[in-house]
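In what follows, a structure is listed as C-alpha cells, so that the remarks can point back to it.
Each residue takes its place number in the sequence, starting with 1. Both backbone and side-chain heavy atoms feed into the values below; hydrogens, waters and symmetry mates do not.
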Amino acid sequence: MSSDFESYEQDFAVLTAEITGRIGKVPKLVGDEKKQMVANVEKQLEEARELLEQMELEVREIPPQSRGMYSSRMRSYKQEMGKLEADFKRSRIAYSDEVRNELLGDDGNSSENQRAHLLDNTERLERSSRRLEAGYQIAVETEQIGQEMLENLSHDREKIQRARERLRETDANLGKSSRILTGMLRRHIQQQIKLAWLLQFLLMAVHTAFLWKL
C-alpha cells in the first residue's frame, strides 16, 4: 500500500513543479496566450487535487500505529497545494510592466519604483514563508517525538503489567510453598514429641523391671 502512496507522491511532485513553472509565466502573457495558460494551470490544479484525494484515501488504509508519518506528509502537501492556488490567483490578476504602464500611464521611474516595491514585498513574503516552513517542520518533528514517546510509554506500561503479573504468581507460589513447609514442620514436631514420649515410656518400663528384679 505504501508503494501506491509513494507513486502518487512522485506524480504530485512532478505535477506541482510544472504548475509552478506555468504560474510564473502567466503574468508575462496577454490575450489568448494568457487565457490558454490559465486554462492549462486550472486543469493541472484539478489533477493535483485528485492526487491529494487518492493519497488521503491511501493514508486511511494505513494501520493507526504507522499513520503518523504519512499524515504529516499529507499536511505538508495540502499546505503546498494551498500556496500554489494562492500564487495562481495572484498571477491571474498580474500584468506585465508594459500593460501596467499603458493602463496607468506610468513613466519609467514609476515603473522602476513599483518593481523595487514588488521585489521588496516578494522578499518579505519569502522570509515569512521560510519562517512558516521552519515552524511547520518543528511542529512535525515535535509531533513525531511525541508519538514515539507515547509508543515507548505504552511498551513500558505493558512491561510493568507483565512484571506485576509475574510478581503475583511468585507471591502465590511462595504462599503455597510456605504452607507446605509449615505443614511438614508441624508433622515433624509431632513425630518428635511422639518419639520422646515413647522413649520416656521405655525408660520407665526398663526401670520398673530392674526394680522388680531387686
Side-chain angles (χ1 to χ4, degrees), residues 1-96 118-161:
M1 193 287 302
S2 61
S3 60
D4 293 334
F5 183 88
E6 292 170 356
S7 177
Y8 290 136
E9 277 186 313
Q10 294 175 1
D11 293 341
F12 184 79
V14 172
L15 188 57
T16 52
E18 292 179 358
I19 293 173
T20 301
R22 289 186 171 181
I23 287 176
K25 295 178 181 178
V26 170
K28 303 174 184 179
L29 301 175
V30 294
D32 292 338
E33 288 183 346
K34 183 173 183 178
K35 291 180 181 179
Q36 184 61 43
M37 185 64 71
V38 167
N40 292 337
V41 173
E42 288 177 341
K43 181 179 179 181
Q44 287 186 313
L45 284 173
E46 184 61 29
E47 293 177 1
R49 295 188 194 98
E50 292 177 357
L51 279 174
L52 283 179
E53 291 177 0
Q54 292 294 329
M55 292 161 69
E56 195 161 17
L57 291 175
E58 292 293 330
V59 170
R60 292 177 184 174
E61 299 297 324
I62 299 175
Q65 62 271 20
S66 305
R67 193 180 299 167
M69 178 182 64
Y70 293 95
S71 297
S72 298
R73 285 152 69 174
M74 280 301 304
R75 285 193 292 271
S76 176
Y77 297 141
K78 288 179 180 179
Q79 185 181 32
E80 182 179 356
M81 188 69 194
K83 183 177 181 300
L84 282 175
E85 291 174 342
D87 291 343
F88 179 53
K89 183 177 181 180
R90 286 193 295 269
S91 71
R92 291 182 64 178
I93 60 175
Y95 292 91
S96 64
L118 288 173
L119 288 174
D120 184 56
N121 288 338
T122 301
E123 290 176 358
R124 284 201 295 268
L125 286 173
E126 289 178 352
R127 288 195 297 269
S128 298
S129 177
R130 286 194 294 269
R131 286 195 294 268
L132 286 174
E133 290 177 359
Y136 175 75
Q137 186 62 32
I138 292 173
V140 170
E141 293 175 356
T142 302
E143 180 183 2
Q144 292 175 347
I145 292 172
Q147 184 177 359
E148 291 175 358
M149 291 178 64
L150 288 175
E151 291 177 354
N152 292 334
L153 288 174
S154 177
H155 293 327
D156 292 341
R157 180 182 178 185
E158 293 176 357
K159 291 179 181 178
I160 292 173
Q161 288 178 341

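- Residue Gln44 holds its CD atom at 10.0 Å from OG1 of Thr20, rounded to the nearest 0.5 Å.
- Proximity of Ile19 to Phe88: side-chain heavy atoms (C-beta onward) are nowhere separated by under 4.5 Å.
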Walk me through whether Glu46 and Glu42 qualify under side-chain contact (heavy atoms from CB on, under 4.5 Å).
CA-CA 6 Å; Glu46 184 61 29; Glu42 288 177 341; over 6 Å; no
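- Taking the charged nitrogens against the carboxylate oxygens, Lys25 and Glu33 have no contact shorter than 4.0 Å, which rules out a salt bridge.
- Here the straight-line distance linking atom OH of Tyr8 with atom CE of Met74 works out to 12.0 Å at 0.5 Å rounding.
- Distance check: Thr16 OG1 to Glu47 CD gives 12.0 Å after rounding to the nearest 0.5 Å.
- Inter-residue side-chain proximity for Leu45 and Met81 is flagged as met; some heavy-atom pair is nearer than 4.5 Å.
- Taking 4.5 Å as the limit, every side-chain heavy atom of Lys28 sits out of range of all side-chain heavy atoms of Lys34.
- For the pair Arg67 (side chain) and Ile62 (backbone), a donor-acceptor distance under 3.5 Å is present.
- Looking at Asp32 and Lys35, their side chains come closer than 4.5 Å, going by heavy atoms from C-beta outward.
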Run the side-chain contact (heavy atoms from CB on, under 4.5 Å) test on Arg73 and Phe5 for me, step by step, so that the C-alpha distance in whole Å, both residues' side-chain angles and the decisive distance to 0.1 Å come before the verdict.
CA-CA 11 Å; Arg73 285 152 69 174; Phe5 183 88; 3.8 Å; yes
Evaluation steps, side-chain hydrogen bond (donor to acceptor under 3.5 Å, both in side chains), between Asn40 and Gln36:
CA-CA 6 Å; Asn40 292 337; Gln36 184 61 43; 3.2 Å; yes
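- When all heavy atoms of Ile23 and Pro27 are compared, the pair lying nearest together is O-CD, 3.2 Å.
- Taking both residues in full, the closest heavy atoms of Val26 and Ser91 are given as CG1-O, 3.4 Å, listed atom of the first, atom of the second, then distance.
- Using modelled atom types and a 3.5 Å distance limit, the side chains of Glu58 and Tyr70 yield no donor-acceptor pair.
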With side-chain contact (heavy atoms from CB on, under 4.5 Å) as the criterion, how do Arg49 and Glu85 come out once you've worked through the C-alpha distance, each side chain's angles and the decisive distance to 0.1 Å?
CA-CA 11 Å; Arg49 295 188 194 98; Glu85 291 174 342; 2.9 Å; yes
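- Ser72 and Arg75 are linked by a side-chain donor-acceptor pair at a separation below 3.5 angstrom, with hydrogens and angles left out of the test.
- Electrostatic pairing of Glu80 and Lys83 does not count as a salt bridge here, judged by no charged N lying under 4.0 Å from a carboxylate O.
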